[in-house]
Student: 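Okay, handing you the structure first.
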Amino acid sequence: MSGLLEGRIAIVTGAGRGIGRAHALELARQGAKLVINDFGVTNNGEKSDSPAHDVVAEIEAMGGQAVVNGADVADFEQAGALIQQAIDTFGGLDILVNNAGFVRDRMLVNATEDEWDAVIRVHLKGHFATLRHAAAYWRAESKEGRQRIARVINTTSGAGLQGSIGQVAYSAAKGGIATMTLVAAAELGRVGVTVNALAPVAKTRMTEGAFDTSEMALPEDNSPIVAWLASEAAGHVTGRVFESDGGKLTLEDGWRHVASRDKGSRWETAELGPIVDALIAEAPAPEPVYGA
Ligand SMILES: NC(=O)c1ccc[n+]([C@@H]2O[C@H](COP(=O)([O-])OP(=O)(O)OC[C@H]3O[C@@H](n4cnc5c(N)ncnc54)[C@H](O)[C@@H]3O)[C@@H](O)[C@H]2O)c1
C-alpha cells in the first residue's frame with residue numbers, strides 16, 4: 001500500500017466498529033501501521049467483547065499492519081500501556097486518533113450521578129489519558145533531538161459545540177474535548193505536535209437508537225479529513241475544530257469576545273440591564289441547541 005501516511009505509526013481508539021473502524025481502515029489504506037484499540041462495550045458502556053480483532057484482520061487482508069489493544073482508554077495506566085504498545089511494536093508513535101466513547105442520553109432533570117460520571121469519564125478522561133501519555137513521549141523524543149511529526153485528532157460532536165437537548169453529560173464532555181484541543185495545540189506545537197478535533201456525523205449504533213438515521217452519512221465519510229490532518233502535509237493546521245457531514249466539511253469557530261463595554265471601573269448592579277441588552281444586540285445570534 002502507498003499513500004499519504006506511508007510508514008507512519010498510528011493509534012485509533014474505539015476502532016473496533018463505527019467511525020473509529022472507518023478511520024483505522026482509511027489510515028491503513030494511506031499506509032499507516034496501526035494499533036487498533038477497543039475495550040469492547042455496549043452502546044451504553046456495559047463491558048462486552050472487543051471487536052478490535054476483526055478490524056486487525058481486515059487491515060491484514062488489505063496487506064497492512066495492525067495489532068489489537070483492548071485498553072479502557074479512560075484508565076490512566078492502561079492508556080499509558082496503549083501508547084507504549086505502539087512504541088514497542090512499531091518503534092514509535094506519530095498519530096493519535098481519540099475516538100472511543102459511548103452515550104447515556106438523559107434530560108438534565110433525570111440524569112443520574114452514575115450516568116454523568118460514566119459519560120464524562122469515557123470521553124473527557126479517555127481523551128486526556130491517551131493524550132497525556134503521548135505528549136510525554138513526544139516531548140521526550142523532541143528533547144533527545146528526535147522530534148516526530150506528530151498529529152492528534154480528537155473527537156468532539158455537534159452536541160459539544162452547539163449543545164444538544166437530552167445529552168447533558170455528553171455535550172459537556174464533548175465541549176471539554178474541544179477546549180482541551182485548543183490547550184494541547186498551544187502547548188505541544190513546540191515539540192512538533194498538531195492537535196485538531198473533528199465533530200463527525202454518521203449512522204452507527206450510537207445514532208441509530210436516538211435519531212432517524214435513514215439519510216445519515218456513513219462512518220467512512222468522516223475518515224478522509226482525519227487521514228489528511230494526520231499527514232505531514234497538515235503541519236500548519238492546529239487548534240482547529242472541523243465538522244464533517246457526508247460531503248460537507250465545515251470549520252467551526254468557538255467562544256470568542258463578540259461585544260464589550262469597558263467602563264474603566266466596577267459596574268453598579270442597577271446600571272447593567274441596558275448594557276447587557278446592548279451587548280446582546282451587537283453580537284451574532286447564537287446557533288440553536290440541537291433539539292431545541
Ligand atoms: N455517530 C455520530 O453521528 C457521532 C456524532 C458526533 C460524535 N460522535 C463520536 O464519534 C465517536 C465514535 O462514535 P460511533 O458512533 O462510531 O460509536 P460506536 O459505539 O459505533 O463506536 C464506539 C467504539 O468505542 C468503543 N469504546 C467505548 N468505550 C471505550 C473505552 N473506554 N475504551 C476503548 N474503547 C471504548 C466501543 O466498544 C465502540 O466499539 C464517539 O466519540 C462519538 O461520541 C459520533
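Order of appearance sets the numbers: ligands from 1, and atoms from 1 within every ligand.
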Student: So which protein residues pack against ligand 1 under 4.0 Å, heavy atoms counted?
Tutor: G14, R17, G18, I19, N37, D38, F39, G40, V41, A71, D72, V73, N99, A100, G101, F102, V122, H123, T155, T156, S157, Y170, K174, P200, V201, A202, T204, R205, M206, T207
Student: With sequence neighbours excluded, tell me which residues meet salt bridge (charged side-chain N to carboxylate O under 4.0 Å, His left out) with E187.
Tutor: none
Student: Using distance alone, with no hydrogens and no angle criterion, decide if E243 and Q162 have a side-chain donor and acceptor under 3.5 Å apart.
Tutor: no
Student: Measure the spacing between NZ of K203 and OG1 of T213 and express it to the nearest 0.5 Å.
Tutor: 4.0 Å
Student: Regarding Q78 and D72, do their side chains bring together a donor and an acceptor under 3.5 Å, going by distance alone?
Tutor: no
Student: Not counting sequence neighbours, which residues clear side chain to side chain donor-acceptor pair (under 3.5 Å) with N196? List them please.
Tutor: none
Student: Taking side chain to side chain contact (heavy atoms under 4.5 Å, CB included) as the test, write out the residues that go with P224, two or more places apart.
Tutor: none
